[in-house]
Amino acid sequence: MGLSENYRLWKLFILLFLQIYLSNGLGFPFRGGLRYLHDRAKKTYNMTKIELKLIQQPIDHFDNTSKTWKMRYCQDLEFYKTNGPIYLLIGGEGPLEEQYGLLASGLVYNLAKETNGAMILSEHRYYGKSLPIANLVTENMKYLSSKQALADLATLIKHLKSSFKSDESPDQKLVVVGGSYAGNLAAWMRLLYSDLVDAAMSISGPVLAKVDFMEYAEMVGNDFLQYGTPGCYDKITQKFKSYENLLSTPKGIKELKKKERICHRSDMTNKENQNLFFMKKSDELAGVAQYGSTFDFKIFCEQFKISSRTDYSLEGTIDELPDQKCIDVDFHRSFKTVDSWTYQTCTEFGFFQTFDSNNQPFTHNLPLDFFFKMCATMFGPNFDKKTVEDGVKATNALYGGRNPKITKVVYVNGDTDPWHTLSVLKNLSDDAPAILIPKSSHCEVMFDIQNESIAMKQAKTKIKSLIKSWIGL
Ligand SMILES: *[C@@H]1O[C@H](CO)[C@@H](O)[C@H](O)[C@H]1NC(C)=O
Ligand SMILES: *[C@@H]1O[C@H](CO)[C@@H](O)[C@H](O)[C@H]1NC(C)=O
Ligand SMILES: *[C@@H]1O[C@H](CO)[C@@H](O)[C@H](O)[C@H]1NC(C)=O
Ligand SMILES: *[C@@H]1O[C@H](CO)[C@@H](O)[C@H](O)[C@H]1NC(C)=O
């Protein structure tokens, strides 16, 4: 593949990210890049085989007087034969439709095919159209938590088990699968509801909640150091240092705004706006580290080297987004609308990708305090440092962090994925093994990508054989 061809692919890739973070202005989200992997997997799904369904759930599972709402899920019985296992693909922080590709190819699709299984896809409360309360304002967000979401899944599983049950299939096996945050949910489902779940596949799941996730930026830098072209890491360091220098004088700010196409209305003397700018710039690299192949690092570095403009990633792509003539870098406008995933980070997980480490190339212009201000700006003054810290503590106490007492779960990670440092990387026991796939990215193992490495092939074989053995096949 020539450089120009790869460049096109790379531009498409960056475009997908731009669409995500230009639209919500948030830090690096899990979800956007999965589309890139879906795209690389290049499979279309047959909509007609997907049955969309609704299931009633209480708004609050821990209050028996609670009102109810309807959660979306869908089922695909293409391979199902009586008494085959049920594979529940747990939806994470995005709409149901984003995951349809998993019903058309990939690890779970192949496993369902090999075992005559049913495939079920669920939508997480407060995402997509699964809204317990329609109006997303702070006071209505209190029923959003992983614990409530797991209870939703328990209700769904009980319903599935009873509806699939027949004389010929008295004891149907159920396997949960999830990638990224949903990878956490898969493991936690097996932990809290082991009577309902026979086995779990936890893919790229950052199961350890952490307030200051400074390792993320370290990993992004390290990926470029290892897989980028020679000198690329230093170039990144210099570039970020130059942003810092430009932002220190009025003349420099003027120059930076022009180069980076920052809107006139964005006040770049404001500290939080500066932090936000650094976050957006690092997101471009984080996107490559989180979802790219080792080849993508080189392509990115080539562009980085030859471009004299600092907005290299926007060239050519920004014009394809008709309404985005300039980039608005404004802290308050970015965080004024309630966002479900941000709520979960502020109340349960942290995962704040600061530049606090000395061992990363992005300067120190993204401190923890920025994220606490983000929480307070979006949800009100009660959502402060203490809320985040208490939430993170409670999460790790409930789910056991990286050392849960758990069986029949396989933890799978890719070692170029910056999230993998928060996952389970060593075997907890024979019944709870960990697989770390070299040169593999976030959730890549769920997809059938061209030119798979031998390690990737072996990992998939191992995962399938573990799951089969745990459900007695
Ligand atoms: C899509 O699925 C439906 C139902 O299973 C089937 O009748 C139809 O032939 C499929 N279409 C394609 C293009 O595969
Ligand atoms: C609800 O729960 C409370 C306390 O657990 C219990 O006393 C009460 O009987 C329950 N009510 C219903 C309708 O189940
Ligand atoms: C985990 O156990 C498997 C055997 O089931 C072994 O092959 C592998 O090397 C172990 N992995 C680690 C990280 O120790
Ligand atoms: C896959 O590998 C072959 C041989 O190494 C190469 O020619 C081809 O371009 C690769 N395809 C992709 C999509 O990377």
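For ligands, and for the atoms within them, numbers begin at 1 and follow the listed sequence. Position 1 is the first residue of the sequence; numbering continues from there.
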Exercise for the section: Take atom NZ of Lys161 as the centre, draw a 6.0 Å sphere, and report whether it contains more than 12 heavy atoms from other residues, nucleotides or ligands. Expected result: yes

Exercise for the section: Under the side chain to side chain donor-acceptor pair (under 3.5 Å) rule, collect the residues that match up with Ser453, sequence neighbours excluded. Expected result: none

Practice task
Would you please write out the protein residues whose heavy atoms approach any atom of ligand 3 to under 4.0 angstrom, listed by chain and number?
Solution key: Leu425, Asn427, Lys462

Exercise for the section: Compare all side-chain heavy atoms of Gln274 with those of Phe370 and state whether any distance is below 4.5 angstrom. Expected result: no

Handout entry: Carboxylate-amine/guanidinium contact Glu97 Arg72, below 4.0 Å
Key = yes

Handout entry: Pairing residues for Glu215 by the salt bridge (charged side-chain N to carboxylate O under 4.0 Å, His left out) criterion, not counting sequence neighbours
Key = Lys210

Handout entry: Selection residues 358-373 - residue pairs positive for salt bridge (Lys or Arg N to Asp or Glu O under 4.0 Å), sequence neighbours left out
Key = Glu272-Lys373, Asp369-Lys373

